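Remember, predicted model here, so these are calculated numbers, not experimental data. Lettering follows sequence order; numbering is per chain, from 1.
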Protein chains: 2
Amino acid sequence: MGRVGLTADRVARAGAELADEVGFEQVTPSAVARRVGVQVASLYSHVRNAEDLRVRIALLALEEMADRGAAALAGRAGRDALVALGATYRDYAREHPGRYAAAQLRLDHETAMASAGPRHSAMMRAILRGYELPEPEQTHAVRLIGSVIHGYIIQELGGSFDHSEPGPQQSWDRILDALDSLLRHWPHEGQR
Amino acid sequence: MGRVGLTADRVARAGAELADEVGFEQVTPSAVARRVGVQVASLYSHVRNAEDLRVRIALLALEEMADRGAAALAGRAGRDALVALGATYRDYAREHPGRYAAAQLRLDHETAMASAGPRHSAMMRAILRGYELPEPEQTHAVRLIGSVIHGYIIQELGGSFDHSEPGPQQSWDRILDALDSLLRHWPHEGQR
DNA sequence: TCGGCTTCCTAAAAGATTTAGGTTGTTGCA
DNA sequence: TGCAACAACCTAAATCTTTTAGGAAGCCGA
């Protein structure tokens, strides 16, 4: 079959494609080797082990999502920015469910800091500039937005919405409406 | 070593304990067999295969969480109910991270319907009785509550909040405050 | 006490993970 | 152009996991 010309990056990319097709948990060195047409042992010149392979796919996905997010956020603020970033994550997850699952992989601190993770945090913070929240509340709001978006996507991807009306798009729109409304009228501390 | 007296249920329980200790993805028939002191092949009298083992752990976790949720919800309404159910899920996830991860396992439709899943849906609906929302909005609200709670827990468990102030308890309290406020002042359609 | 069910075993096949060590393209530079 | 060095890829082998087949032994009802 000749030489395929692999690199660590190409291995990760093949793993990402495989993840989207058969699920992230099915991505093994064996499966990736089969896919790129190479003996299993040859992969180990490019990735240290199975975990390293998974981490590389996760980093790839985080990077891709951050790039898309930054593009979507450019020139938008407030509600528009919120909707745009939300759509970025959700569309990515539906286009690339395996990669999205990979992006949830727990990374050790050092790896996480060197990943695109901080870019995601920064984008969340950027959205909040469109809403006037005092500093101590901003962190709470960032965590809320992340919870809503990722929580919804996980449920949708997991099929939780498959067997009840209305469709997931309507709920998504409505929920982002509500979230925007909440951020504009953020309840002050001690309010009951 | 004599006879251990296994049943499918005891195997699942051992798997659940193992999941909490080393992570759900590390739960294999081999590992469970070692834990209960039995040859691997012996497990296959109780579970069909590795996937069946995982499903049984997931069903166990869903059941346990539903029981706790029902107990927490008894005699509460509105904000109290929301906070109580949220705490149930979060406390369970922190006590039993492996089981909580197992509960996220995607089940096929039939299994899901026979599981405690519908009880969880019913509890979410029950919470909404404390807030007056028109029917078409109720589904959206249920999905929002699920997204917030599960999204937050997944992020917390994944370590997303480990390296920034304030602590996760404060954000959690604040976010449930905000969610309660949102449900009490649910924006009507078309509101911008 | 006997028959039958369940529990648990040994054995074995098939595949995944990983390491060691060797071969062969490819590339850059003398 | 030629060749040294590196990277890509290989075979072989050890270890572990998953699963099936078939058998031995404890336990329970009759």
Side-chain angles (χ1 to χ4, degrees), chain A residues 1-60 98-99 101-102 105-108 111, chain B residues 1-61 98-99 101-102 104-108 111:
Chain A
M1 177 164 282
R3 189 156 291 214
V4 186
L6 285 189
T7 66
D9 201 68
R10 241 171 267 192
V11 170
R13 214 164 294 276
E17 290 166 16
L18 190 60
D20 289 334
E21 291 167 18
V22 302
F24 182 56
E25 58 289 347
Q26 312 295 329
V27 175
T28 64
S30 305
V32 173
R34 271 194 300 273
R35 170 172 254 263
V36 298
V38 140
Q39 293 297 316
V40 197
S42 307
L43 272 200
Y44 285 79
S45 309
H46 305 286
V47 297
R48 272 197 311 284
N49 51 36
E51 180 62 12
D52 183 37
L53 170 63
R54 280 187 284 267
V55 169
R56 283 173 191 273
I57 297 171
L59 294 177
L60 174 68
R99 290 176 216 224
L105 188 69
R106 190 168 184 166
L107 305 174
D108 64 88
T111 310
Chain B
M1 176 163 283
R3 188 158 291 214
V4 186
L6 285 188
T7 65
D9 200 67
R10 243 170 264 192
V11 169
R13 215 164 291 277
E17 290 167 17
L18 190 61
D20 288 335
E21 290 167 19
V22 302
F24 182 56
E25 57 291 347
Q26 312 295 328
V27 175
T28 63
S30 305
V32 173
R34 271 194 300 274
R35 170 172 255 264
V36 299
V38 139
Q39 293 296 317
V40 197
S42 307
L43 273 202
Y44 285 79
S45 309
H46 306 287
V47 297
R48 271 198 311 284
N49 51 36
E51 180 63 12
D52 183 37
L53 169 63
R54 281 188 283 267
V55 168
R56 282 173 191 274
I57 298 171
L59 294 177
L60 174 68
R99 290 175 218 226
Q104 314 301 315
L105 188 70
R106 189 167 185 167
L107 305 173
D108 62 88
T111 310

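- Looking at B/V47 and B/V32, their side chains never come closer than 4.5 Å, going by heavy atoms from C-beta outward.
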(message) With side-chain contact (heavy atoms from CB on, under 4.5 Å) as the criterion, how do A/V22 and A/L18 come out once you've worked through the C-alpha distance, each side chain's angles and the decisive distance to 0.1 Å?
(response) CA-CA 6 Å; A/V22 302; A/L18 190 60; 4.0 Å; yes
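- Contact annotation for A/T28: backbone-only contact, meaning every heavy-atom pair under 4.0 Å involves sugar-phosphate atoms and none involves a base.
- As a whole-Å value, the separation of A/L6 CG from C/dG25 C1' is 14 Å.
- Under 4.0 angstrom from either OP1 or OP2 of C/dC8 there lies at least one side-chain N or O belonging to B/H46.
- Nucleic acid contact for B/R10: none, since no nucleic acid atom lies under 4.0 Å from a heavy atom of the residue.
- A donor-acceptor distance shorter than 3.5 angstrom exists from the side chain of B/R10 to the backbone of B/G5, with no hydrogens or angles considered.
- When each of C/dT17, C/dC9, C/dA20 is scored by its nearest atom to the side-chain atoms of A/A41, the top-ranked nucleotide is C/dA20.
- Comparing atom distances between the A/V38 side chain and each of D/dC9, C/dA16, C/dT17 picks out D/dC9 as nearest.
- In this model, the phosphate group of C/dC9 is approached by a side-chain N or O of B/S42 to a distance below 4.0 Å at OP1 or OP2.
- Here B/R48 does not reach the OP1 or OP2 of D/dT20: none of its side-chain N or O atoms lies under 4.0 Å away.
- Atom CG in A/N49 sits about 19 Å away from atom P in D/dT15, given to the nearest Å.
- Between B/R35 and B/E17 there is a salt bridge, with a side-chain nitrogen of the basic residue lying less than 4.0 Å from a carboxylate oxygen of the acidic one.
- Atom C1' of nucleotide D/dA7 and atom CG of A/L43 are separated by 15 Å, given to the nearest angstrom.
- In this structure, B/A31 reaches neither bases nor backbone, as no heavy-atom distance under 4.0 Å exists between it and the strands shown.
- Residue B/S30 places its side chain closer to D/dT17 than to any other of D/dT17, C/dC9, D/dC9.
- Across the protein-nucleic acid pair, A/L18 atom CG and C/dA16 atom P stand 12 Å apart, rounded to whole Å.
- The shortest distance between side-chain heavy atoms of B/L107 and B/L59 falls below 4.5 Å.
- Comparing atom distances between the B/Y44 side chain and each of D/dC9, D/dT18, C/dT17 picks out D/dT18 as nearest.
- If you check C/dC9, D/dT19, D/dC10 against the side chain of B/Q39, the one that comes closest is C/dC9.
- Distance B/E25 CD to C/dT17 C1': 17 Å, rounded to the nearest Å.
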